[in-house]
There are 2 protein chains.
Amino acid sequence: MTISRAADEAGVGVETIRFYERKGLIEQPLRPSGGYREYDRETVERIRFIQQAQELGFTLREIGELLALRTDRKADCADVRNQAIAKRDEVECKIARLEEIRAALDAVIATCPGGGSLNSCTIMEALSDHRAKAAVTTESPD
Amino acid sequence: MTISRAADEAGVGVETIRFYERKGLIEQPLRPSGGYREYDRETVERIRFIQQAQELGFTLREIGELLALRTDRKADCADVRNQAIAKRDEVECKIARLEEIRAALDAVIATCPGGGSLNSCTIMEALSDHRAKAAVTTESPD
DNA sequence: ATACACTCCGTACAGTAGTACGGAGTCAAC
DNA sequence: GTTGACTCCGTACTACTGTACGGAGTGTAT
């Protein structure tokens, strides 16, 4: 399978495959003819694995670790589970943070008269510091 | 006020101020002595405004627009309100997406035996495509 | 044998938000 | 008048996930 075929099968671009290769996410493929990369079904699966994991919010670095686990004979299912749990906790933190932001935006929108000069715009006021802290600040930013 | 003093007052780094200046978020300051930047209280406020808006999830580009509105005589409170509403909608989309991810991770964690070889690891299975679609895929990725 | 599509490679670029560096100039104090 | 802290500038680098480019080589079909 050529690189463009593999890219099609996996649903990514050719350059993406070369990029993953550089990043060590997929192994160096054989080059039987004229230096052209030769891919098998397994590598396509591996690329799909990467895509799936990305959809779950894993970074390429983390996916690299998962892939390393996959070929590690000593690796345990619990290792993978722990990774997944850590990622879920991380996602939960992000959600909580975004919910705070949403609440702050809602508050600010609710008090806005919705028209008139900026001098009486409560949103601008809220962003212009002083009193703003209560409505806006929510501990450490991301 | 020197740049380092202004940075302290605003709670950012010196380089950050120069960066904002390059980005056009703050105006070119006066340089009365030896080419040193001279800041006033108003600029510090402006930098704080930027920080506040960042905490609400606005990007620097969007903040630049808000700041432009602020000095635009024709600007209306409704313009600001619309920006805030658009941002809230955006935040809501992100939350929804993350909640899908969390659900998928929860599902995958729940079915994991929690120990044993990777061959029986349901998380790895889920990531390894085929059947995975149902549990993992949630329409367009971010 | 030649056209055409495909592939090779390294490098640069995209956007986001800064941070770091190094050599030179400057300010205030002692 | 010299020390030490501060500032200047442009550039490069961080992290992330790719995308684009351009000139050269190669495989396949006609």
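Quick caveat, the model's predicted, so the values are computed rather than measured. Letters A, B, ... mirror the listed sequences (proteins, then strands); counts begin at 1.
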Quiz item: Quick one: does R48(B)'s side chain have a donor or acceptor within less than 3.5 Å of a partner on G11(B)'s backbone?
Solution: no
Quiz item: At under 4.0 Å between heavy atoms, what does R37(B) touch on the DNA or RNA strands: base, sugar-phosphate, or nothing?
Solution: sugar-phosphate
Quiz item: Quick one: bend of the helix from dA1(C)-dT30(D) to dC30(C)-dG1(D) from 5 pairs per end, to 10°?
Solution: 30°
Practice problem: Output yes when E21(A) and R18(A) qualify as a salt bridge under the 4.0 Å nitrogen-oxygen rule, no when they do not. | Solution: no
Exercise. Verify, without hydrogens or angle tests, whether D40(A) (side chain) and T43(A) (backbone) share a donor-acceptor contact under 3.5 angstrom.
Key: yes
Self-check item: Start and end of the DNA chain D segment that chain B contacts, any atom under 4.0 Å from a heavy atom
Solution: dC6(D) to dG10(D)
Exercise. Starting from C1' on dT7(C), measure out to CE on M1(A) and report it in whole angstrom.
Key: 16 Å
Quiz item: Starting at the 5' end of DNA chain D and moving along, which residue's nearest nucleotide shows up first, G34(A) or V12(A)?
Solution: V12(A)
Quiz prompt | Letter per nucleotide, 5' to 3', of nucleotides 14-19 of chain C [B base touched, S only sugar-phosphate touched, - untouched; heavy atoms, 4.0 Å] | solution = --SBBS
Quiz item: Can you find a pair of side-chain heavy atoms, one from D89(B) and one from E92(B), that are under 4.5 Å apart?
Solution: yes
Self-check item: Salt bridge flag under 4.0 Å for residues R5(A) and E9(A)
Solution: yes
Quiz item: Is there a side-chain contact between I47(B) and T16(B) (heavy atoms, below 4.5 Å)?
Solution: no
Quiz prompt | Sugar-phosphate, base or nothing in reach of R5(A), heavy atoms under 4.0 Å | solution = nothing
Exercise. Measure the CZ-CD1 distance between R46(B) and I63(B) for me, rounded to the nearest 0.5 Å.
Key: 11.0 Å
Practice problem: Indicate yes or no for a side-chain donor-acceptor contact from E62(A) to the backbone of T59(A) under 3.5 Å, with no hydrogens or angles considered. | Solution: yes
Quiz item: From R81(B) CZ over to D79(B) CG, what is the distance, rounded to the nearest 0.5 angstrom?
Solution: 12.0 Å
Exercise. Check whether any side-chain heavy atom of R31(B) lies under 4.5 Å from a side-chain heavy atom of E38(B), and answer yes or no.
Key: no
